[in-house]
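Structure first, then comments.
Please read these numbers as outputs of a predicted model, since none were measured by experiment. Chain naming here is simple, since letters A, B, ... match the order of the sequence lines and numbering starts at 1 in each. The figures here come from the full heavy-atom set of this structure, side chains too, leaving out hydrogens, waters and symmetry mates.
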2 protein chains.
Amino acid sequence: MTKPRKHGTTRESLLTAGLQLFGEKGFDGVSVKDLESAAGLTPGRGSFYRHFESKEALLADIVHREVEKLRQLRELQQRGISGSLGDRRAELIVDFRMRLIVLAQLKDFILLLGREYGRFPDLLGQLYSLLVEESLAQEGSELERDIANQHIRGGDAHALAAVVQSALVGFHLSKTYFGSQPYGIDDDRFIKALVDLLVPPPGGKS
Amino acid sequence: MTKPRKHGTTRESLLTAGLQLFGEKGFDGVSVKDLESAAGLTPGRGSFYRHFESKEALLADIVHREVEKLRQLRELQQRGISGSLGDRRAELIVDFRMRLIVLAQLKDFILLLGREYGRFPDLLGQLYSLLVEESLAQEGSELERDIANQHIRGGDAHALAAVVQSALVGFHLSKTYFGSQPYGIDDDRFIKALVDLLVPPPGGKS
DNA sequence: GTCTATAAGTAGATAGAC
DNA sequence: GTCTATCTACTTATAGAC
């Protein structure tokens, strides 16, 4: 062990800093110089290119990493659903909270997607619909069950799924882009209001 | 009348093309050359600078224009609300449809804001919260009235306003970023599902 | 108001020494 | 794996002729 540093440490730094910086300033807003600085290299000397073929290759690796992270978070999420309590309201609260956590974990990546929408179609093209359609389909089939079981009053399950999904995504984006919580509403208060709409509380009020 | 062209035609073209191109490719993704091309000027000759001091000055004028458009759309929207029908469900449907139309009218501008978030803080900084907080406050006070009048079952009016707002914004963004309607849900179906949640239809089903 | 020519800066990327 | 030096291309912006 003559080398004090682990293999690939700089590469790792470039990936981490790249995600954060691309999310913050966009792909064009971050120069290779900036990336070298962030990874502890002397800026402007081109050492970046010993780790990645190009700036775009770095982006590709970042994207693959985040997609993998998304997959793992989805798995965790589905396990959370199966560990049920019998109480449908409580289950929905847990489910929605998990979804907001997943969105929060992907914050930088979502910012990046918003900035670079339409660019890099080969890399990002299918990603937008994958990100939404998949969890929308899951939400839809769950709500269909709920309606069949009379947990939720009858209606258009797929449209309802779109409403729930849109609300959660919209709330996350509001928090992201408008600083803190819009109107001072925190996650718990938001989720409670949404669940109350879907499954009215038994007592009537509050 | 010796001049066949109206004064400011090129300037007008630059403003229009600028909004569309900045929304599509971002501020850095559009060169002055591109803007000159789009406005019918010979690209790369710098005629752009006879109309605007800098690329950033063009952006500033575009933003002021869109903010003014937003103000006018908000006025139209509020008039739509006051022309009421007595039927709260029908009123909500009209209201929500208007809000989606406003968002659609601002599509390019919203794309631009998403791309350039965090940059140009002097120009765009206050805009994000203005865009959301204002209509959120209005939605909140309307829902408070509805709850007082028993049109909507009791609950947290402000949190409910955040849910409604998030759902509409989230739905618009889904349509924008994921191509067509998510899950094949169109505006009418989405709005109906949202209104059904707030004010259950008298008949029970459908 | 448009075109010609050009300045000054910065970007991504490469070759080679250590 | 990092640093030195450098190439090429492109960007915003300006000065001046027409």
>> Applying the side-chain contact (heavy atoms from CB on, under 4.5 Å) criterion to A:Leu35, which one of A:Leu21, A:Leu41, A:Leu15 satisfies it?
In response: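 Among the candidates, only A:Leu21 passes.
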My understanding is that only residues two or more places apart in sequence, or in another chain, count here; which of them pass side chain to side chain donor-acceptor pair (under 3.5 Å) with [X]?
X        : value
B:Arg97  : B:Asp188
B:Gln20  : B:Glu24
B:Asp156 : A:Arg189
A:Ser135 : A:Gln165

A:Glu68 atom CD: more than 12 heavy-atom contacts under 6.0 Å: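 Enclosed: over 12 neighbouring heavy atoms sit under 6.0 Å from CD of A:Glu68.
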_Greater than 12 external heavy atoms within 6.0 Å of B:Lys25's NZ_ =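 Result for NZ/B:Lys25: open.
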Please confirm whether the ring centroid of A:Phe96 lies under 6.0 Å from the ring centroid of A:Phe190.
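Not close enough - the centres of the two rings lie 6.0 Å or further apart.
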| request: Send over the distance from B:Arg11 CZ to C:dT2 C1', rounded to a whole Å. | output: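 It is 17 Å, rounded to the nearest whole Å.
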Side chain of A:Lys55: nearest nucleotide among C:dG12, D:dC3, D:dA13?
->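 Of the candidates, C:dG12 comes closest.
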**OP:** Looking only at side-chain atoms of B:His51, point me to the closest of C:dT2, C:dA13, D:dT12.
**Re:**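 For B:His51, the side-chain atoms sit closest to C:dT2.
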Pairs under 3.5 Å (N/O, protein and nucleotides 15-18 of chain C):
| residue | atom | partner | partner atom | Å |
| --- | --- | --- | --- | --- |
| C:dG16 | O6 | A:Arg50 | NH2 | 2.4 |

inquiry  = Need one value for A:Thr42: base, sugar-phosphate or nothing, where a base atom within 4.0 Å counts as base even if backbone is also close, heavy atoms only.
reply    =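 Answer is sugar-phosphate: A:Thr42 comes under 4.0 Å of backbone atoms only.
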Which of residues 26-36 of chain A have a heavy atom under 4.0 Å from DNA chain C?
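Those residues are A:Val30, A:Ser31, A:Val32.
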